[in-house]
Amino acid sequence: MFTDAVILAGGFGERLWPASKPEYPKQFLSLEGGISFLQASVLRAAALELEGSIIIITRADLLELAANQCRQLTEQTNSALGKKLKENLYIIAEPVPRHTTAPVILACHFLEKIKPQVEHSIIVLTSDHVINPAEAFVKDCQLAYEQATNNRMVCFAIPPTEPATGFGYIKGQSSKEKTSFPIIEFKEKPDLETAKTYLKNGNYWWNSGMFAFTSNFFQEELEILVPQIHKAFLPLKGKEQPVLGYFNGIKYVERWDAMEEAYKITPAISIDKAMAEKTNRAWAIKASFSWDDVGSWDAFEKLFSENQGNTTLVNSNNCFVYSDIPVALCGVDDLIVVIKNGNALVMKKGSSTLVREAAQKMNSR
């Protein structure tokens, strides 16, 4: 199984406004059961029984939030898991956001610093998706590991259930019997008619945004495909060691001058654009787990069996409330009401695509 997991935990929280916002993005929101998206992702990584480390990479202004939620996790889990997280979990705060390729190459160099004699195999996880059941995820990760250690970049392909326009797609050489297959092409988020064509075709899959590879493979491919990023981070291989500290009992990178310098000159490119779409060694594992990126309030509601907060419904049906204060709804149907962080959102179900525009307008004021 993989030696290490890297959890990307940036984001600016517009799609689930007002519960999420730039200073409190989606990964910190609580799910039914009390834990957050980020905490669920850490537990998912821990379920892989890694030999090495769990690295959380986030924005500098989110360091405190991330550390506090990780500390809560160490206290709420059993003593053995809590101890393991305290010993093997690290948080790295990026100097500035640089999309997703920079934090992954940063993680490769960091892992080589803390365990230089290890051949690192890495799974890159998202911090704000819902994945179930854990057993299926672990089984699929074992398949991904086998392909990743064969000098491939591995993606998890999600069987599409609808012609979704909010996801990227993977075109693959596949059949219903195969659990993995080579990737022919990555596709951008399509319009509705194109998405319908993909669904009908049968050889298109949702791109989960999770990847797997060895550190050596990633660095070698990056040097070929995006040399400017590879070159920007080469000084991290020097003698300088990252200075580690503790934030609320959680290890984090307190100082690393080479990282600061690299982020000043590296371009901001997604891992999809930099690597996945260019490499000729991309491979897909057909996911046997259920997956949702919960990118809207319509999707978020499905995670809960009942309204969240003190809610009273009078002659009202099919409404969802997620609120810090008591809410009464009278004579209305099919609404989502969110009252968080001093702001209120009232939307008709099915109107989630308008929330980002509303958030931008409200924030601009």
Side-chain angles (χ1 to χ4, degrees), residues 9-41 43 62 65-66 68-69 72-73 76 126-133 158 160-167 189 191-192 195 206 290-365:
F12 291 91
E14 290 181 334
R15 293 189 294 174
L16 290 180
W17 179 88
S20 65
K21 52 185 179 177
E23 60 271 30
Y24 198 92
K26 181 175 70 174
Q27 62 264 27
F28 299 109
L29 296 181
S30 294
L31 299 164
E32 191 166 53
I35 68 170
S36 70
F37 286 94
L38 175 62
Q39 290 170 325
S41 186
L43 291 177
L62 299 178
L65 268 173
N68 288 344
Q69 288 208 351
Q72 290 172 8
L73 204 55
Q76 293 168 1
T126 55
S127 61
D128 55 0
H129 294 175
V130 172
I131 293 173
N132 286 300
I158 310 297
T161 58
E162 60 180 320
T165 59
F167 304 145
K189 296 176 182 178
D191 58 33
L192 181 58
W206 291 337
S290 66
W291 169 91
D292 197 327
D293 84 334
V294 198
S296 71
W297 280 114
D298 288 298
F300 191 84
E301 179 207 358
K302 297 175 184 177
L303 303 178
F304 296 87
S305 59
E306 58 184 25
N307 287 299
Q308 300 299 294
N310 188 349
T311 304
T312 300
L313 302 179
V314 179
N315 291 338
S316 298
N317 299 288
N318 194 32
C319 294
F320 175 71
V321 177
Y322 190 77
S323 174
D324 290 328
I325 61 174
V327 173
L329 298 181
C330 301
V332 295
D333 298 328
D334 305 319
L335 292 184
I336 291 177
V337 178
V338 184
I339 302 176
K340 292 280 184 178
N341 302 312
N343 290 293
L345 168 71
V346 180
M347 60 167 272
K348 190 79 171 176
K349 287 188 176 182
S351 302
S352 289
T353 55
L354 303 176
V355 173
R356 174 171 282 175
E357 180 182 352
Q360 291 171 348
K361 289 183 176 180
M362 292 291 283
N363 291 334
S364 68
R365 297 176 182 175

CG on Asp324 to CG on Asn310, rounded to 0.5 Å: 12.0 Å
Validation row: Thr353, Ser296 side chains within 4.5 angstrom (heavy atoms): no
Nearest heavy-atom neighbours spanning Ser323 and Val321: CB-CG1, 3.8 Å
Cation-pi geometry met for Lys349 and Phe320 (6.0 Å, 45°): no
Heavy-atom pair with the smallest gap, counting every atom of Val294 and Ala299: CA-CB, 4.0 Å
Distance in Å, Leu38 CG paired with Leu62 CG, rounded so as to fall on 0.5 Å steps: 10.0 Å
Closest non-hydrogen atom pair, Ala195 against Thr165: CB-CG2, 4.4 Å
4.5 Å side-chain heavy-atom contact, Asp128 and Phe28: no
Between CE on residue Met362 and CG on residue Leu345, distance to nearest 0.5 Å: 9.5 Å
Trp206 side chain reached by Asp293 side chain, heavy atoms, under 4.5 Å: no
Value rounded to 0.5 Å, distance of CD in Gln308 from CG in Leu31: 10.0 Å
Flag side-chain contact, heavy atom, 4.5 Å: Val355 against Met347: yes
Spacing of CD1 belonging to Ile336 relative to OG belonging to Ser352, to within rounding of 0.5 Å: 5.5 Å
Asp333 side chain to Asn318 side chain, donor-acceptor N/O pair below 3.5 angstrom: no
Nearest heavy-atom neighbours spanning Gly10 and Pro25: O-CG, 4.0 Å
Heavy atoms from other residues, nucleotides or ligands near CG of Asp191 exceed 12 (cutoff 6.0 Å): yes
Which atom of Asp334 lies closest to which atom of Cys319, heavy atoms considered: N-SG, 3.7 Å
Ile339 and its side chain to side chain contact (heavy atoms under 4.5 Å, CB included) partner, picked from Asn341, Asn343, Val337: Val337
Student check: side-chain heavy atoms of Val130 and Trp291 closer than 4.5 Å: no
Minimum-distance pair of heavy atoms, taken over all atoms of Lys302 and Asp298: CG-O, 3.6 Å
Minimum side-chain heavy-atom gap Pro326-Thr312 below 4.5 Å: no
Heavy-atom side-chain contact between Asn307 and Leu313 under 4.5 Å: yes
Side chain to side chain donor-acceptor pair (under 3.5 Å), paired with Ser36, selected from Gln72, Gln69, Lys26: Gln69
Inter-residue atom distance Trp297.CH2 - Leu354.CG, 0.5 Å rounding: 15.0 Å
Whether Phe37 and Phe300 hold their rings parallel, tilted or perpendicular, with breakpoints at 30° and 60°: tilted
4.5 Å side-chain heavy-atom contact, Ile35 and Leu43: yes
